[in-house]
Amino acid sequence: MSNAAHARDVIVVPDAAALAASAAQRLVDRIADSGARPAICLTGGSTPKRMYELLATPLWRDRIPWLQVHWFIGDDRFVPPDDPLNNMGMARRAFLDVCAPAGNIHAISPAATPDAAAQLYESELREFHTAHRAGKPLFDLVLLGVGPDGHTASLFPNAPALTEQSHWVVGVAHANVAPFVPRVSLTLPCLAQTREMLFLAAGNDKQDILRRVFAGEDLPAGHAQAAGGKTLWMLDQAAAPSPAP
Ligand code: 6PG
């Protein structure tokens, strides 16, 4: 199935520094126009790290109502919280542990198996939605990246998780790309429950996969979109695919 039907906005900024600042500004704006309990779903990987570190600097830190905002993760590696591969651990080190109350940080908890961890996280998401987001999308902003194979979160090409329509979180036994560890991932229907979905991509090694996604190839990143909100791709110039000849 192609993904050409999904309308998507693409913003190209000059470089990685501009990408971090522009993404931070969109996060601040979504928090500002949210309701009583802003909810942000972070992504892992390397691209967002610079943006996360920016949020901890005085200029940005002072613009976020930390006591109100709740932070989630779109996927994580099935490793201990203090493992360098842990996505929420990266976000904690970059800004959350310095800025956010511990009770507002919702990491995927360790469990016996990825499926068990997924069940626990799904319960936590559903409880949060019922208690604090009734009548509106689960998230105000979902951040996502795109991997070299077109995966997003930990939804890999041709994976059974891609067609999951009822569960919000699934265990992923095998990762297509490094790190080759099991994962836990939000599903497309869960990621779609957001006022804004913001993909971030930087560097010329993203050009090819972005060209394939934007051409409508059947890839997970091309199928992710905000159900009722805005789906936006923010790229630095190096990542922007040059027009096909
Ligand atoms: C993960 C991420 C993953 C990431 C992409 C892009 O657990 O690895 O959630 O989906 O966003 O692989 O990663 P980079 O930002 O490092 O290119």
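Order of listing sets the numbers, starting from 1, for every ligand and every atom in it.
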Salt bridge (charged side-chain N to carboxylate O under 4.0 Å, His left out) between D82 and R92, intermediate numbers included: CA-CA 10 Å; D82 58 356; R92 283 183 182 274; over 6 Å; no
Give me each pair satisfying salt bridge (Lys or Arg N to Asp or Glu O under 4.0 Å) with a member in residues 58-73, each pair once, sequence neighbours excluded. none
Using heavy atoms and a strict 4.0 Å limit, residues surrounding ligand 1 turn out to be T43, G44, G45, S46, T47, D75, R77, N87, G145, V146, G147, H151, T152, A153, R183, K206
Only pairs at least two apart or in different chains count here, so list each ring-ring contact (aromatic ring centres under 6.0 Å, His included) that has a residue in residues 83-108. Y52-F95, H70-H106, W71-F95, F72-H106, H106-F128
Considering residues at least two apart in sequence or located in another chain, which fulfil the side chain to side chain contact (heavy atoms under 4.5 Å, CB included) criterion with L188? L155, L162, H223, A224
Is the backbone N or O of S166 less than 3.5 Å from a side-chain atom of E164, with the two atoms forming a donor-acceptor pair by type? yes
Using side-chain contact (heavy atoms from CB on, under 4.5 Å), reason through V172 and D75 one step at a time and then give a plain yes or no. CA-CA 10 Å; V172 179; D75 74 301; over 6 Å; no
